[in-house]
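All residue numbers refer to positions in the sequence shown, counting from 1.
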Amino acid sequence: MTPGTATATPSVTTATDPRPTAPPRAPARPSAAAAVHSVSAATTVLLALVAIGAMIHEPVLIPPLAATAALIHSAPTLPLAQPRGVVVGHLIGAASGYAVLAAAGSSAWAAALAAGLTLAVLTLARTPHSPAVATSVVTVLQTPAPARFVPLLFGSTVLLVLTGYAGSRVRRKAPRYPAYWW
């Protein structure tokens, strides 16, 4: 692990129990420079996404995209932060949300069903990205028009990935993002 950065700690196994367990302690605290870098990069890209959404009069999914930005800029080596999970995961979340919305309408019950469906599809597609589950929930509850919303969501996720890529090259000691593209 690079000093001053928050990265994934490998899981621990024992001779008697080969299943991975959580590491014995929390990761090291990031340096002040790393924390400022991560927070400012995530905040800047989210403000840009809000501005774009306001200009085209389309709501942006700030809760799931904020969680995505936090993963990309604070834990860039985690599988949850990689481009495949980010871009494809949010598109799966939107598709699942729209499918449940068409079948069951907009309700908290339908949103919970969309969340479960999204998690199942993400698992089968090997695209881990927990914020995408929130995308399906928000899609069911806010019912945005797909023709305008899906391209905005796709562009937003690509922008998040590109800012993670650029941000990891600005600070010399930052871990490189992405760990893998696909």
Side-chain angles (χ1 to χ4, degrees), residues 6-9 11 19-23 26-27 38-39 42-43 45-54 56-164 177-180 182:
T7 57
T9 304
S11 60
R19 294 177 295 172
T21 60
S38 295
V39 170
T43 303
V45 72
L46 290 170
L47 289 171
L49 291 175
V50 169
I52 292 167
I56 63 171
H57 305 292
E58 188 67 36
V60 178
L61 293 172
I62 288 301
L65 294 178
T68 297
L71 284 170
I72 290 171
H73 292 286
S74 297
T77 61
L78 289 179
L80 294 171
Q82 302 314 306
R84 173 185 167 135
V86 170
V87 177
V88 176
H90 279 290
L91 292 176
I92 288 171
S96 298
Y98 284 120
V100 171
L101 184 61
S106 178
S107 71
W109 297 101
L113 183 60
L117 176 62
T118 300
L119 184 57
V121 176
L122 290 174
T123 302
L124 291 172
R126 297 182 317 115
T127 54
H129 192 65
S130 50
V133 175
T135 295
S136 67
V137 169
V138 175
T139 300
V140 169
L141 296 177
Q142 289 186 353
T143 66
R148 289 178 51 99
F149 179 72
V150 173
L152 178 62
L153 178 63
F154 176 74
S156 297
T157 58
V158 169
L159 182 61
L160 286 168
V161 167
L162 292 176
T163 59
Y177 177 81
Y180 54 88
W182 198 252

Fill in: Side chains of L160 and L65 in contact at under 4.5 Å (non-hydrogen atoms)
yes

Side-chain donor-acceptor distances from residues 102-110 under 3.5 Å, at least two apart:
unit_1: S106; atom_1: OG; unit_2: V140; atom_2: O; d: 2.7
unit_1: S107; atom_1: OG; unit_2: W109; atom_2: N; d: 3.3
unit_1: S107; atom_1: OG; unit_2: A110; atom_2: N; d: 3.0

Discussion item. According to ring pair (Phe, Tyr, Trp, His ring centres under 6.0 Å), does anything in residues 66-89 pair up with another residue at least two apart or in another chain? List the pairs.
Written reply: none

Worksheet item: Got L113 and L117 here, is their nearest side-chain heavy-atom distance under 4.5 Å?
Response: no

Taking only distance into account, with no hydrogens and no angle test, what donor-acceptor pairs under 3.5 Å do side-chain atoms of residues 146-155 form with protein atoms, sequence neighbours excluded?
unit_1: R148; atom_1: NE; unit_2: E58; atom_2: OE1; d: 3.1
unit_1: R148; atom_1: NH2; unit_2: I56; atom_2: O; d: 2.0

Worksheet entry | Nearest atoms (heavy-atom pairs only) where T123 meets L119 | OG1-O, 2.8 Å

Fill in: Minimum heavy-atom distance A94-T135, with the two atoms named
N-CG2, 3.9 Å

Practice prompt. May I have all residue pairs that pass salt bridge (charged side-chain N to carboxylate O under 4.0 Å, His left out) and include part of residues 104-113, sequence neighbours excluded?
Written response: none

Practice prompt. Only pairs at least two apart or in different chains count here, so list each ring pair (Phe, Tyr, Trp, His ring centres under 6.0 Å) that has a residue in residues 112-138.
Written response: H90-H129

Tell me which donor-acceptor pairs under 3.5 Å the side chains of residues 47-54 have, and how far apart each pair is, sequence neighbours excluded?
none

Fill in: Qualifying salt bridge (charged side-chain N to carboxylate O under 4.0 Å, His left out) pairs, either residue in residues 87-113, two or more places apart
none

Discussion item. Once side chain to side chain contact (heavy atoms under 4.5 Å, CB included) is applied, do any residues pair with P178, and if so which ones, sequence neighbours excluded?
Written reply: Q82, P83, Y165, W181

Item to complete: Could you pull out all residues at least two apart from A125 that satisfy side chain to side chain contact (heavy atoms under 4.5 Å, CB included)?
Response: I92, T127

Discussion item. Using only atom types and a distance under 3.5 Å, with no angle test, would you say the side chain of R84 pairs donor to acceptor with the backbone of R126?
Written reply: yes

Fill in: For S136, all residues meeting side chain to side chain donor-acceptor pair (under 3.5 Å), sequence neighbours excluded
T118

Worksheet item: If you look only at pairs with a residue in residues 64-73, which of them pass as a salt bridge (charged side-chain N to carboxylate O under 4.0 Å, His left out), with sequence neighbours excluded?
Response: none

Item to complete: Using modelled atom types only, decide if a donor and an acceptor are shared between the side chain of S74 and the backbone of L71 within a distance under 3.5 Å.
Response: no

Worksheet item: Between T68 and P131, what is the shortest heavy-atom contact and its length?
Response: OG1-CB, 3.4 Å

